[in-house]
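Below: the structure, in structure tokens.
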Amino acid sequence: MKQLRNSRSIKKKLTPIQLGYFRVNLAFLLSLLLVVAYSFLFSNNNHPIPAALTEITGIIPPSKGLSSAFSQIVRLNISKALFFNPISLRVFSFFLIQIVLRAILTIVIIKITESLLKKLLLADIVVSAGVFVYTFFPLIKYTIEIFILPQFVH
């Protein structure tokens with residue numbers, strides 16, 4: 001009961017922007033942890049989510065094998081992960097960086113002032129977007145080359 005009162009008192013002390021950012025961080029952290037849990041639960045080729053693009057079109061995108069690679073990464077089988085997908089470590093690093101960042105920010109949000117929080121929020125957006133573009137660049141480039149550029153080239 002005491003713990004429940006403490007969580008309620010935290011909510012009362014947080015400003016609306018702190019509470020919103022706190023909730024977004026927790027939701028994002030949970031989503032990231034679900035990806036890692038999925039990687040632990042399934043290994044090699046027993047993933048219940050199929051590679052839809054390959055199944056429908058026969059095209060093998062650079063994302064092919066990422067689920068199997070992630071399963072190997074969480075088991076610390078790095079060479080196997082790179083066999084399944086050569087960019088898997090790069091992409092997985094996004095998830096790892098974000099898990100650490102979200103965990104830290106979820107704690108920091110509660111302790112800082114709202115004016116400092118606004119600066120932190122902007123820095124978080126810039127850093128997270130930059131890390132996303134860097135780590136997913138091969139997939140972003142492929143998507144643009146296959147699905148967007150052909151519409152402009154006739």
Side-chain angles (χ1 to χ4, degrees), residues 3-4 7 10-11 14 17-112 117-154:
Q3 188 178 12
L4 182 62
S7 66
I10 288 172
K11 281 186 179 180
L14 295 180
I17 192 169
Q18 284 175 308
L19 186 58
Y21 192 32
F22 181 81
R23 287 178 176 162
V24 167
N25 264 293
L26 281 179
F28 193 24
L29 180 58
L30 178 62
S31 300
L32 294 163
L33 291 173
L34 286 173
V35 169
V36 173
Y38 176 85
S39 298
F40 268 114
L41 290 171
F42 303 100
S43 63
N44 297 332
N45 291 323
N46 70 346
H47 296 275
I49 301 173
L53 180 66
T54 302
E55 285 189 8
I56 294 169
T57 66
I59 296 172
I60 299 175
S63 60
K64 179 82 170 130
L66 273 178
S67 293
S68 295
F70 277 24
S71 292
Q72 296 305 315
I73 292 169
V74 298
R75 290 169 177 79
L76 302 178
N77 297 327
I78 305 305
S79 60
K80 262 187 162 178
L82 294 172
F83 171 77
F84 284 118
N85 189 300
I87 62 170
S88 59
L89 283 176
R90 183 177 182 164
V91 175
F92 190 81
S93 70
F94 172 80
F95 293 89
L96 187 61
I97 290 166
Q98 286 298 317
I99 286 170
V100 171
L101 187 60
R102 296 300 124 210
I104 292 169
L105 288 177
T106 299
I107 295 166
V108 170
I109 290 165
I110 296 169
K111 300 179 185 267
I112 63 174
L117 179 67
K118 289 178 183 178
K119 293 174 185 170
L120 179 66
L121 177 59
L122 180 60
D124 180 18
I125 291 168
V126 170
V127 167
S128 293
V131 169
F132 176 82
V133 169
Y134 173 75
T135 57
F136 282 83
F137 186 75
L139 303 176
I140 295 167
K141 180 180 173 207
Y142 177 81
T143 302
I144 290 169
E145 289 172 349
I146 295 298
F147 297 107
I148 297 172
L149 288 181
Q151 297 192 18
F152 295 105
V153 180
H154 293 274

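The structure displayed is predicted, hence computed values, not measured ones. Hydrogens, waters and symmetry mates play no part in the numbers below; they use all other heavy atoms, side chains included.
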Under a 4.5 Å cut-off applied to non-hydrogen side-chain atoms, are Ile17 and Lys118 in contact? yes
task: Please tell me if the side chains of Ser67 and Phe84 come closer than 4.5 Å, counting only heavy atoms from C-beta onward.
output: no
Closest heavy-atom contact between [X] and [Y]?
X      : Y     : result
Ala81  : Ile73 : CB-CG1, 3.5 Å
Val74  : Ser71 : CG2-O, 3.3 Å
Asn85  : Pro62 : ND2-O, 2.6 Å
Pro138 : Ile87 : CB-CD1, 3.9 Å

Quick one: side chain to side chain contact (heavy atoms under 4.5 Å, CB included) partners of [X], sequence neighbours excluded?
X      : value
Tyr134 : Arg90
Ile140 : Phe132, Phe136, Ile144
Ile112 : Val108, Leu116, Leu117, Leu120

In short, side-chain hydrogen bond (donor to acceptor under 3.5 Å, both in side chains) pairs touching residues 53-66 with sequence neighbours left out are none
So how far is it from [X] [atom1] to [Y] [atom2], rounded to the nearest 0.5 Å?
X      : Y      : atom1 : atom2 : value
Leu66  : Leu139 : CG    : CG    : 6.5 Å
Asn25  : Leu101 : CG    : CG    : 7.5 Å
Phe40  : Leu33  : CZ    : CG    : 11.0 Å
Thr106 : Leu29  : OG1   : CG    : 6.0 Å

Contacts satisfying ring pair (Phe, Tyr, Trp, His ring centres under 6.0 Å) that involve residues 49-69 (not counting sequence neighbours) are none
Here the ring pair (Phe, Tyr, Trp, His ring centres under 6.0 Å) pairs for residues 63-82, sequence neighbours left out, are Phe70-Phe92, Phe70-Phe95
When you measure from the side chain of Gln72 to the backbone N and O of Ile78, does any donor-acceptor pair fall under 3.5 Å?
no
Could you tabulate the donor-acceptor pairs under 3.5 Å formed by side-chain atoms of residues 122-131, not counting sequence neighbours?
residue	atom	partner	partner atom	Å
Asp124	OD1	Arg102	NH2	2.6
Asp124	OD1	Ser128	OG	2.9
Asp124	OD2	Tyr21	OH	2.4
Asp124	OD2	Arg102	NH1	2.8
Asp124	OD2	Arg102	NH2	3.4
Ser128	OG	Gln98	NE2	3.1
Ser128	OG	Arg102	NH2	3.0
Ser128	OG	Asp124	O	3.0

Quick note, salt bridge (Lys or Arg N to Asp or Glu O under 4.0 Å) partners involving residues 130-142, not counting sequence neighbours, are Lys141-Glu145
Salt bridge (Lys or Arg N to Asp or Glu O under 4.0 Å) pairs touching residues 26-41, sequence neighbours excluded, are none
Partner of Phe22 under side chain to side chain contact (heavy atoms under 4.5 Å, CB included), picked from Ile110, Ile107, Leu105, is Ile110
Sorted by chain and residue number, the ring pair (Phe, Tyr, Trp, His ring centres under 6.0 Å) partners of Tyr142 (sequence neighbours excluded) come out as none
